[in-house]
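Quick notes on the structure that follows.
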Amino acid sequence: MSKTIIKSVRGRQVYTWRGHPGVEAIVTTESGAEGRAVCTAGVSVGTHEVRFEYDGGPKWKGMGVQRAADNINQCIAPVLVGMDAANQLAVDQAMLDICPNAKIELGGNAIAAVSAAVLKAGAKALDIPLYQHIGGTSAMYLPVPGIPIVGGSDRYGGGVTTPRPKPTYSFMCYGFDSFSEASYAAWELKQAWEEILNKYYYATSDVYGLYIVPPGIFKSDEELWELMAKTIQKIGYENRVGIQVDCAADTYYDKEKKVYRGLFTSNEMDRDQLMDLYKYAVRNYPFIILEDPFNEDDYESHALIVKEVDIQIVGDDLFTTNPQRVAYGISKGAANTVLLKVNQVGTISEALEMVNLAYKYGYGVMPCESRGEGTAIADYCVGINAGSVREMAIGETGNRFLEIEQELGKRARFIGAKGLKGRRFQGSL
């Protein structure tokens, strides 16, 4: 019997670093190869993301996922046992065919966890690295990484919806010859940044690696932009390190008044005022990436800002890794990069379909591990030759990137500025 044939599929509820439970899937093949994957909720959750199955009730504050785990054991496992883990598309489709609305009835989190676990089990059964299982011999590029540096949604009054640690900022390290050099630069910046913030307040990073800025420290985020620019200059990384901001603008959007409230400042701003602020920020500070700069259904503004600024514009809540939403966004020219969260759409096959669509029309893809992908996000990045990744320069995932760089040896390529979208970086190609 083939060593990649699925022998067992199990699901269980586990603790995650986010503080609420996630669902873990464990897939084992006939050869004994095992793949494990966790799916959990993120911080900024778009309304168009795949629906997760939660237990509700008082336990785990309603975010228990035992029902999702039970659906893996009772509904998904019997279907997948005996299938070939190396045939990802067939396995994913089998799950989607279990019932008419499988992602809703079984839970997108259950399906996503199993899909990723199957991918890992297949790679282990074939005795090849996960990135090679995804991308074959073409998998060799390491993306532009960064480090998270600032978060906090209540420093200017909080958002319209449930407060989240947004907007978040990162230093992105692109002007280097290798991932290891970029990783070291990120480490240097983290040390310098904490020292600078400590002059304003006692700064400690949270579980996400973000330094939460309390209310009353700064009048507006422009003061933070000044500090970020000075930090980059202090270390000598001008034109080698830039700033990313995940605006999560939908969090601050008042749909009735059509204004953004508490985003970057305590002032309310309409679409045009916010657009002007972005243009000012990009002209005067080393911004290289804006993520979700407008509300999640405003394709028009996401298209306009691509014309107005010359940097990478990322759609997360705008696209939700959904091929249909990405296709519509492409038709409108909205953003120029898609944030990839595999667990946001449901299956590995659908995520890769979205990646191929984005690449076909010249969009970038920026993977993110906020839905529980963990260190596997490094293999996803290299497998699809992603141009950039949400942070991940240091820590456990940074270690995995460094390991991959060593495994690839002379074949390893650090993509650098070539991996960034926007007119500013076209000359790097």
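Scope of the values below: all heavy atoms of this structure, side chains included, with no hydrogens, waters or symmetry mates. Residues: numbered from 1 along the sequence shown. Here the structure is a predicted model, which is why all the values come from computation and not from measurement.
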Is it true that, when you exclude E396 itself, more than 12 heavy atoms of the residues, nucleotides or ligands shown sit nearer than 6.0 Å to its CD? no
Could you check whether the rings of F287 and Y285 sit parallel, tilted or perpendicular, using 30° and 60° as the cut-offs? perpendicular
Report all side-chain donor-acceptor pairs from residues 351-358 shorter than 3.5 Å, counting only partners two or more places apart or in another chain.
| unit_1 | atom_1 | unit_2 | atom_2 | d |
| --- | --- | --- | --- | --- |
| N356 | ND2 | L352 | O | 3.3 |

Using only atom types and a distance under 3.5 Å, with no angle test, would you say the side chain of S183 pairs donor to acceptor with the backbone of A393? yes
Is there a donor-acceptor contact under 3.5 Å from the side chain of N73 to the main chain of R10? no
Would you confirm whether S331, through its side chain, and Y328, through its main-chain N or O, come within 3.5 Å as a donor-acceptor pair? yes
Using a strict cut-off of less than 4.0 Å between a Lys/Arg side-chain nitrogen and an Asp/Glu carboxylate oxygen, indicate whether D297 and R325 qualify as a salt bridge. yes
Which pair of non-hydrogen atoms, one from A412 and one from L142, has the smallest distance, and what is that distance? CB-CD1, 4.1 Å
Can you pull out every side-chain hydrogen bond (donor to acceptor under 3.5 Å, both in side chains) where at least one residue sits in residues 120-137? Sequence neighbours excluded, please. Y131-E407
All heavy atoms of T337 vs all of Q312, minimum pair found to be OG1-CG, 3.2 Å
Do the rings of H302 and F294 sit parallel, tilted or perpendicular, given the 30° and 60° boundaries? perpendicular
Partner set under side chain to side chain donor-acceptor pair (under 3.5 Å) for E188, not counting sequence neighbours: Y237
Quick check on the 6.0 Å ring-centre criterion: do Y184 and F176 meet it? no
Between Y169 and F264, how do the two ring planes meet: parallel, tilted or perpendicular, split at 30° and 60°? tilted
Quick one: do D310 and R424 make a salt bridge, cutoff under 4.0 Å? yes
Counting distance only, does the side-chain N/O of D292 pair as donor-acceptor with the main-chain N or O of D316 below 3.5 Å? yes
With side chains defined as the heavy atoms from C-beta onward, is the minimum distance between N385 and R413 less than 4.5 Å? no
